[in-house]
Amino acid sequence: MKLPANVNSIIGKEGIGLKKWASLMLTCMFAISLLAGCGGKDEAKEKAPGAAEQQAESGDTVTKFSISLRTLNFGYVEQSPDINADKWVKRLEELTNTDMDIRLVPHKEYEQKMAQMFATNDIPDVVQGQGGTTGKEMAGSVEAGVFMPLDDLLKQYGPNLLKKIPQEAWNRMSYQGKIYGIPEWLGNPSRRATWIRKDLLDKTGLPVPKTVDDYLNVLRAFKELGVENPYMGRQDFKYADTFFGAYDVFPYLSQFEEVDGQIQPKFLDADNMMKALSTYKTMFDEGLINKEFATINPTTFKNTILAGKAGIWSMNANELIQWKTQLKESVPEAELAIIPSPVGPDGKGGYYLYGDVARSYFINAKYKHPEKVIQFFDWMISDEAEQFFTFGVEGEDYTKDGDKMDYKQPTDVQAVDEERYRQAFLWMVQDTTYNKGSLSLTEEGRNLMSVFDNTLANEGRDGIEFDPRLEALKKNPDITPLSDTPPPLLITHMVKMVYGQEPIENWPKVIEEWKSKGGNDVLKEANDRYQSKEGAFLPRK
């Protein structure tokens with residue numbers, strides 16, 4: 001019998017406060033150590049209905065497995081009353097002869113809920129990670145032996161996976177020389193882009209902006225047109241970090257650099273960091289960014305843009321056509337375009353480059369038929385799977401006349417959400433750069449592929465990244481960044497400086513504060529790891 005699968009079904013309805021995080025992690029690690037080494041009562045618990053014992057016993061029967069999936073802020077997923085009863089899940093199960101028990105993990109509380117899952121020892125047969133084997137969300141589980149190595153299984157049951165997935169992605173899924181996860185990979189790591197309301201730009205009579213000053217002039221012109229949010233801001237500068245890219249000072253996990261022979265985070269470049277913050281303060285002072293941007297959540301961010309109240313913002317490029325369709329429902333004359341991101345003093349710009357892995361899948365060491373799960377994921381990159389996830393079901397969602405595909409792309413908001421869910425959320429293992437099959441059908445789709453190949457491929461900021469993460473960062477959450485979010489300590493100062501509550505000239509003092517609260521240990525470990533070439537990934541551009 002399947003468990004209810006609404007958002008809270010897997011790990012309880014209660015969230016975890018940040019203050020409880022440290023104690024939770026200790027509890028979590030303790031639980032993992034027990035999980036790796038204990039039998040007896042724990043084994044008895046594992047034999048409860050609904051876990052591994054429900055799986056198939058032969059190749060002729062349906063393969064049952066539970067799997068945790070992050071909701072990723074997908075409206076179709078988070079609004080589903082029971083994702084396991086969804087028609088696309090049912091179709092997928094028919095095609096793969098499986099019976100999944102999907103357990104959703106809330107997007108906003110992902111890391112906390114994952115830690116809770118490991119701490120309570122309620123671990124599904126397949127666990128979705130966000131890339132890499134030792135990320136914070138994995139809570140030391142791979143090191144503790146919670147999941148099985150997959151090398152031999154892949155050779156026997158996953159030939160297409162080994163053939164199509166790049167070695168760089170497999171490297172990210174390896175620990176001590178063994179592969180522990182199956183990656184959803186990114187062929188082009190330059191994914192985020194600068195979006196603009198092209199119809200509004202045309203009204204200003206200005207050319208496509210190139211430099212930071214050009215951009216500020218366009219934003220001022222948008223304000224004169226009456227645009228409510230010339231630049232659309234968002235809390236923690238997430239998807240609102242355009243100008244940190246121009247000055248190459250992203251304060252993120254993958255953004256270390258070598259300066260005078262020493263490895264350090266890019267935000268230690270005080271001159272350029274202060275220039276970036278000054279740009280945001282100019283925007284704040286002149287009303288070019290919402291005065292409340294520091295509290296704007298993802299839902300409000302998107303709804304404001306789709307209501308036609310923004311001029312320039314940042315978003316993943318592969319979402320362009322869906323957002324364009326949804327925006328036109330409220331503003332029919334709106335035209336969206338992706339333009340080159342602003343360049344800074346070095347003539348470069350763009351956003352942080354994504355890692356080689358977008359999502360990943362680990363198999364519980366106690367699951368008895370891992371070969372079936374390997375075959376399930378191997379099917380995901382077959383031609384049959386590509387057709388299903390891209391177009392749906394033949395005769396219902398599309399028809400074919402020889403090689404000619406007749407597929408009507410959705411135009412209303414709900415249908416767009418459903419297509420996005422099928423193509424991006426449910427298609428778990430693919431090159432997730434963009435959906436080539438769908439985009440190839442239309443001129444705007446082909447234009448979007450050109451944007452990836454000719455605009456985004458030429459921009460973006462990369463840096464030195466350490467995987468496994470630096471131990472000094474694990475010990476100090478207040479100074480620890482995420483993949484696209486600055487450390488809490490820095491965010492506090494950054495917001496105050498933009499709001500005019502602290503002088504931007506104080507940034508060198510902020511650096512010293514960061515160092516005094518554990519940053520010095522981070523610098524020492526980073527340099528040691530870099531010199532020993534231990535888990536240090538170099539910039540790709």
Side-chain angles (χ1 to χ4, degrees), residues 211-213 215-216 233 235-238 240-286 289 293-294 342-352 461-466 469-530 539:
T211 67
V212 172
D213 287 340
Y215 265 81
L216 289 175
Q235 64 188 28
D236 298 340
F237 295 96
K238 190 167 183 172
D241 51 3
T242 306
F243 300 98
F244 295 112
Y247 293 100
D248 197 14
V249 288
F250 286 123
Y252 302 155
L253 268 178
S254 64
Q255 301 292 310
F256 283 77
E257 63 181 349
E258 183 175 355
V259 178
D260 298 330
Q262 295 297 306
I263 306 304
Q264 63 182 46
K266 290 184 176 180
F267 67 83
L268 263 63
D269 179 354
D271 288 342
N272 278 313
M273 190 66 180
M274 288 189 290
K275 289 176 182 174
L277 289 168
S278 295
T279 302
Y280 281 93
K281 187 170 191 311
T282 297
M283 293 159 57
F284 182 86
D285 291 344
E286 297 186 21
I289 186 173
F293 82 88
V343 297
D346 63 355
K348 300 177 182 178
Y351 299 86
Y352 89 102
R461 301 289 194 176
D462 206 7
I464 299 169
E465 181 179 5
F466 296 96
R469 294 186 189 184
L470 300 173
E471 290 297 324
L473 288 176
K474 293 180 182 178
K475 295 176 182 175
N476 298 282
D478 198 38
I479 65 165
T480 301
L482 301 179
S483 62
D484 62 351
T485 309
L489 182 149
L490 296 192
I491 290 176
T492 300
H493 288 287
M494 292 162 69
V495 170
K496 284 183 176 179
M497 289 175 174
V498 173
Y499 276 59
Q501 298 171 358
E502 180 179 357
I504 291 176
E505 292 73 22
N506 272 4
W507 191 255
K509 295 181 180 177
V510 175
I511 293 174
E512 292 307 313
E513 182 181 354
W514 178 84
K515 289 180 178 178
S516 70
K517 293 185 175 178
N520 281 324
D521 293 336
V522 173
L523 295 174
K524 183 179 184 309
E525 185 182 357
N527 279 278
D528 290 346
R529 288 269 299 271
Y530 183 77

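As the structure is a prediction and not an experimental result, all values here were calculated from the model.
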* To do: Please tell me if the side chains of P503 and M497 come closer than 4.5 Å, counting only heavy atoms from C-beta onward.
  => no
* **Partner residues of Y352 under the ring-ring contact (aromatic ring centres under 6.0 Å, His included) criterion, sequence neighbours left out** => Y252, Y354
* Does the side chain of V343 reach to within under 4.5 Å of the side chain of V212, using non-hydrogen atoms? -> no
* Asked: Does some side-chain heavy atom of P251 sit less than 4.5 Å from a side-chain heavy atom of P481?
  -> no
* Find the distance between CE (M273) and CD1 (I511) and round it off to the nearest 0.5 Å. => 8.5 Å
* Kindly indicate, with the supporting measurements, whether the criterion side chain to side chain contact (heavy atoms under 4.5 Å, CB included) is fulfilled by D248 and D269. => CA-CA 9 Å; D248 197 14; D269 179 354; over 6 Å; no
* To do: Given side chain to side chain contact (heavy atoms under 4.5 Å, CB included), test L489 with V510 step by step and report yes or no.
  => CA-CA 9 Å; L489 182 149; V510 175; 4.2 Å; yes
* **Considering all heavy atoms, the nearest I504-K281 contact** => CD1-CD, 3.9 Å
* **Distance in Å, F267 CZ paired with L277 CG, rounded so as to fall on 0.5 Å steps** => 12.0 Å
* **Nearest heavy atoms of F256 and K266, plus distance in Å** => O-CE, 4.2 Å
* Taking atom CE of M274 and atom CG of N506, what is their separation to the nearest 0.5 Å? -> 9.5 Å
* N476 versus K517, closest heavy-atom pair with distance -> OD1-O, 3.4 Å
* Do you see a donor-acceptor pair shorter than 3.5 Å between the side chains of T242 and Y351? -> yes
* Tell me, with the steps shown, if L470 and D521 meet side chain to side chain contact (heavy atoms under 4.5 Å, CB included). => CA-CA 9 Å; L470 300 173; D521 293 336; over 6 Å; no
* Separation of D285 CG from S278 OG (nearest 0.5 Å) -> 10.0 Å
* Asked: Looking at E513 and K509, does any basic side-chain N land under 4.0 Å from a carboxylate oxygen?
  -> no
* Side chain to side chain, T211 and P342, heavy atoms closer than 4.5 Å -> no
* For Y530 and E525, what are the C-alpha separation, side-chain angles and deciding distance, and is it a side chain to side chain contact (heavy atoms under 4.5 Å, CB included)? -> CA-CA 8 Å; Y530 183 77; E525 185 182 357; over 6 Å; no
* Can you see which heavy atom on L473 is nearest to which on T480, and at what distance? => O-OG1, 2.5 Å
* Within a strict 4.5 Å, meaning less than it, do heavy atoms of the P265 and W514 side chains meet? -> yes
* Evaluate the side-chain proximity of I479 to V522: yes if any heavy-atom separation is below 4.5 Å, no if none is. => yes
* Does a salt bridge link D271 with K275, judged by any charged N lying under 4.0 Å from a carboxylate O? -> no
* Asked: Ion pair present between R461 and D346, side-chain N to carboxylate O less than 4.0 angstrom?
  -> yes
* Taking it one step at a time, do Y280 and F244 satisfy ring pair (Phe, Tyr, Trp, His ring centres under 6.0 Å)? -> CA-CA 9 Å; Y280 281 93; F244 295 112; 4.9 Å; yes
* At what distance, to the nearest 0.5 angstrom, does CD1 of I464 lie from CD of E257? -> 8.0 Å
* In Å, rounded to the nearest 0.5 Å, how long is the span from CZ of F243 to OG1 of T279? -> 7.0 Å
* **Output field: ring centroids Y499/F293 closer than 6.0 Å** => yes
* To do: Taking the side chain as every heavy atom from C-beta outward, state whether N272 and P345 have any pair of such atoms under 4.5 Å apart.
  => yes
* **Residue pair R529 / K524, side-chain heavy-atom distance below 4.5 Å** => no
* Smallest separation among heavy atoms of F250 and Q255, with atom names -> O-CB, 3.2 Å
* Please name the pair of heavy atoms, one in G233 and one in A240, separated by the smallest distance, quoted to 0.1 Å. => CA-CB, 4.0 Å
